[in-house]
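In what follows, a single structure is set out as structure tokens and then discussed.
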There are 2 protein chains.
Amino acid sequence: MMTETGDQTLIKRINTAIVLEAILRGAPLSRAQISERTGLNKATVSNLVQELIDGSLVCEIGTGQSSGGRKPVLLEFVATAGHAVGVDLGVNYIRGVLTDLKGAIVAERVTALRQTEPEPVLNELCACVDGLISLAPPSPYGIVGIGVGVPGLVDDSGTVLLAPNLKWRGVPLRDRLAERYRLPVTIDNEANAGALGEQKYGAGRRISNLVYVSVGIGIGAGLILQQSLYKGASGFSGEIGHMSVEAFGKPCACGNQGCWEAYASERALLERAKHSGIEGVDDLDGLLAAAAAGREDVQALLAQAGEYLGIGVANIVNAFNPEAVIIGNRMTRARPWLEDSLRKTVVRRTMSFPLRHLQLMFAELGDRSAVMGAAEMAISGFFARLKAGAVIPGRKRNGQ
Amino acid sequence: MMTETGDQTLIKRINTAIVLEAILRGAPLSRAQISERTGLNKATVSNLVQELIDGSLVCEIGTGQSSGGRKPVLLEFVATAGHAVGVDLGVNYIRGVLTDLKGAIVAERVTALRQTEPEPVLNELCACVDGLISLAPPSPYGIVGIGVGVPGLVDDSGTVLLAPNLKWRGVPLRDRLAERYRLPVTIDNEANAGALGEQKYGAGRRISNLVYVSVGIGIGAGLILQQSLYKGASGFSGEIGHMSVEAFGKPCACGNQGCWEAYASERALLERAKHSGIEGVDDLDGLLAAAAAGREDVQALLAQAGEYLGIGVANIVNAFNPEAVIIGNRMTRARPWLEDSLRKTVVRRTMSFPLRHLQLMFAELGDRSAVMGAAEMAISGFFARLKAGAVIPGRKRNGQ
DNA sequence: AAGACTTTGTTTATTGCATAGACAAAGTAA
DNA sequence: TTACTTTGTCTATGCAATAAACAAAGTCTT
């Protein structure tokens, strides 16, 4: 079996993580406060803090107010001890960010994609990453990793098994990037990345069970259950766009019939607009402009999309009983015209008990949900490595 | 925050758990073998084993074959160091089991229920539990707990919030039983109990991500994700019977339309039989007898139920990507007539990647899935307490 | 301004646990 | 009988957390 056994180093790693966690969430904190909050002995905290300082992860930022005795020395996490690169690989764009270890954006790059074949896309992607890395200021840990969100199915070796809208099949993205950059690389589905981004930096902060529904050309979902991303047995969970909501409805390329995304996605919306003979609107932007201009037929169409969206959301709520459902990706732009019918449908179709504590929200990070989640994958990987191997003090590396 | 901090007792608890786990799954094992498998030092294993022996949880069962040196002393878990009570509270029956700590059934009791009001049901339930407890042989830890599965929604205080078929609302079942028996009591949904039962003792042994679909009068699901029961934000996950599979289908009492259970449950099946003018079959047993007798109209009806079942199962697979889906509860009796159409539908409607590793199975424990899961809740509670508080050596208590 | 508290953070002695390695016990093979 | 193996215990050591003492740096009262 060889599960990790308990020994002294394990204790130390656990307690170091506890101290670091306390600092991360408690902002400026003194050693005494950490001791009190965590229950660790003052001496223990002092020791561990010293090692974190030696490891450049924590620094003293001066003294605080006295409460009747010696002034406390305040500690702060060194957000710029390293940087992370996050990439959102879209169907017709690449968005990349360089962030510090707290997820603050240091630099951003957006490129339009004109072709979808793997090689040219990879070249663009690397150009984006190169540019971001070159902007990274020197830091003790340098670039700690690269995270990428892609519009398709990814297995746990970081290979893109299938990305229909890019027409990719079996592209070993992680290996390619890892080989080129010699850095830890994490690849995941765009919806999973979006879920992570919103959970860490957006509408879902501190929520332990949430479903992020990415409504774009298709529909996907990222599931955060019990604090962590649930990826299913083989990494393909969340293909919720292909849940039947009309048992014998429209046939879908996936083999199923009446798939949710055939009714509630951007593509479905556009098809319906075409079918209804609504003219002069061949993309989402056109449709939204028309709605904004007061065209009632378009508004009705959007409201209907809201209802279909609500049907699937209700299914999700009944099945998962999450604390929050967050609607993200392109269709959020239609929020003003679909939110009302969406909410009404969800309320009507969801069982009363799971509904009671449900928050139905829209992505707070807008079109940055996925890219922030991608960066977060790199950051959390760094912290996981810290926890696994303890702090390596006195590192000095360049941002390059 | 006050997360559990790392200290010496934590190490010891972790390692004790590792040793116990190794013995539990490795059957007869010597100290040397445990040391090798777990990576713990021989001396450490010796110490911990000695404490487990003092705590009556492990015993030496003689020597094994020599492999060229001193004979090993084989160790075994003492399954009868305590006993657990599991109860499956059905709509018209109560089934109870007394098991040892390995889940082996020591005694069983089944009672028919003629009424559903809380008080009489509670009396029957207690009579059942009393009877089982009186049959427990004396043991070091006595009765370690009581687990109960109920056909309804349960909150985390063990109150039955809503059990439509029993017409219960707000019955504080756990408190009532805990007060009477002064024992740890766990209450959960019947589907959750069934999922646990099958995962631990049935078709889903050792599978870390599985969905147990309880198809009875209604449909519920128990979700085991990443090794543990997922109960949602407020304990109401798995109400998957009320997932819409026909967006604008039959209205349901829950407020939704086209709920899965309105098409694929036992109740739906019987209604359809009635509607189709099929006579002389007013319950499931009658229907199955007719199918067995070769009535083709009834067989077609069952095949149709299999298809509807498959539609929902495909939705589950697309959303959760589990390693296994296990069909349980009453409708499993119709397996011979619905399995074929069920499997075909699932294969056709599920995306190819999640399908690849999917096992679609029927409950192996038959009508004991839930009761075994209930017992398992009590047993795992006992082990959790052991891990939390280490072994208390030299206990002597009576089964009473 | 002096003395009496208070709070912070470090130092010291102690304790508990795992570990490596030595060792005794109990076996096999030749 | 002798040499080698394997099992399980014993011993000395090291590491990490802890309580308690302590030094440092404050505040507050009179």
Side-chain angles (χ1 to χ4, degrees), chain A residues 2-19 22-23 26 28-54 58-75 387 390-391 393, chain B residues 2-19 22-23 26 28-54 58-75 389-391 393:
Chain A
M2 282 285 182
T3 331
E4 170 160 36
T5 61
D7 62 355
Q8 307 287 42
T9 75
L10 176 66
I11 293 192
K12 190 158 188 180
R13 273 172 11 226
I14 290 174
N15 289 339
T16 304
I18 290 175
V19 170
I23 297 175
L29 228 52
S30 70
R31 292 168 173 82
Q33 284 176 300
I34 296 173
S35 166
E36 196 169 346
R37 293 197 187 183
T38 60
L40 288 166
N41 187 279
K42 286 193 296 177
T44 309
V45 171
S46 267
N47 278 324
L48 297 177
V49 163
Q50 192 50 54
E51 291 196 20
L52 288 170
I53 290 176
D54 293 343
V58 163
C59 67
E60 302 184 339
I61 53 164
T63 58
Q65 282 285 314
S66 159
S67 59
R70 171 173 164 185
K71 284 182 183 167
V73 178
L74 296 181
L75 302 167
K387 281 182 199 173
V391 188
Chain B
M2 282 284 181
T3 333
E4 169 159 36
T5 61
D7 62 354
Q8 307 287 42
T9 74
L10 176 66
I11 294 191
K12 189 159 186 179
R13 279 183 352 240
I14 290 175
N15 289 340
T16 305
I18 290 176
V19 169
I23 297 175
L29 228 53
S30 70
R31 291 167 174 83
Q33 284 176 301
I34 296 173
S35 167
E36 196 170 346
R37 292 197 187 184
T38 61
L40 288 166
N41 187 279
K42 286 191 297 175
T44 309
V45 171
S46 267
N47 278 324
L48 298 178
V49 162
Q50 191 51 52
E51 290 196 23
L52 288 171
I53 290 176
D54 292 344
V58 163
C59 66
E60 302 183 338
I61 55 165
T63 57
Q65 283 284 316
S66 158
S67 59
R70 174 173 160 183
K71 283 182 185 168
V73 177
L74 296 180
L75 301 167
V391 188

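So that the names make sense, note that chain A is the first sequence line, chain B the second, and so on, each numbered from 1. Given the structure is predicted, the values throughout are model-derived calculations rather than measurements.
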Counting only side-chain heavy atoms from C-beta out, which of C/dT10, C/dT19, D/dT18 sits nearest to B/Leu40?
C/dT19
Looking for any heavy atom pair under 4.0 Å, which part of the strands does B/Asn15 touch: base, sugar-phosphate only, or nothing?
sugar-phosphate
Looking only at heavy atoms, which two atoms of A/Asn41 and A/Ser35 are closest? And how far apart?
C-OG, 3.8 Å
Tell me the interatomic distance from A/Arg37, atom CZ, to C/dT8, atom P, rounded to whole angstroms.
12 Å
May I have the distance from B/Asn47 (atom CG) to C/dA18 (atom C1'), rounded to whole angstrom?
9 Å
Atom-pair distance (CD on B/Gln33; C1' on D/dT6), nearest Å:
12 Å
Could I get the full list of side chain to side chain contact (heavy atoms under 4.5 Å, CB included) partners for A/Thr5, not counting sequence neighbours?
B/Asn15, B/Ile18, B/Leu40
Under 4.0 Å, heavy atoms only, any strand: does A/Val45 hit a base, just the sugar-phosphate, or nothing?
nothing
Residues at least two apart in sequence or cross-chain that pass side chain to side chain contact (heavy atoms under 4.5 Å, CB included) with A/Asp7, listed by chain then number, are A/Thr9, A/Leu10
Take A/Gln8 and A/Pro72, find for each the nucleotide of DNA chain C with the closest heavy atom, and name the residue whose nucleotide sits nearer the 5' end.
A/Pro72
For A/Ala22 and A/Ile34, which heavy atoms make the closest approach, and how far apart are they?
CB-CG2, 4.4 Å
Counting only pairs under 3.5 Å, give me each side-chain donor-acceptor contact of residues 58-66 of chain B, with atom names and distances, residues two or more places apart or in other chains.
from, atom 1, to, atom 2, distance (Å)
B/Glu60, OE2, B/Arg31, NH1, 3.2
B/Glu60, OE2, B/Arg31, NH2, 2.8
B/Ser66, OG, B/Gly68, N, 3.0
B/Ser66, OG, B/Gly69, N, 3.0
B/Ser66, OG, B/Gly69, O, 2.6

Per nearest nucleotide of DNA chain C, the residue lying toward the 5' end, A/Asp7 or A/Ser30, is A/Ser30
Could you encode protein contacts along nucleotides 19-30 of chain D as a string, one character per nucleotide from 5' to 3', using B for base contact, S for sugar-phosphate-only contact and - for no contact, with a heavy-atom cut-off of under 4.0 Å?
B----BBBS---
For A/Ser67, side-chain hydrogen bond (donor to acceptor under 3.5 Å, both in side chains) partners two or more places apart:
none
With sequence neighbours left out, write down each residue that passes side-chain hydrogen bond (donor to acceptor under 3.5 Å, both in side chains) with A/Gln50, or none if nothing qualifies.
A/Asp54
Taking NZ from B/Lys12 and P from C/dC17, how many angstroms apart are they, rounded to a whole number?
4 Å
Grab the CG-P distance between B/Leu74 and D/dT7 for me, whole Å please.
11 Å
At less than 4.0 Å, is any side-chain N or O atom of B/Arg31 found next to OP1 or OP2 of D/dT9? Yes or no.
yes
In whole angstroms, how far is the C1' atom of C/dC17 from the CD1 atom of A/Ile14?
14 Å
Spacing between B/Glu51 atom CD and C/dA18 atom P, to the nearest angstrom:
9 Å
In this structure, how many angstroms lie between the C1' atom of C/dA18 and the CD1 atom of B/Ile18, rounded?
12 Å
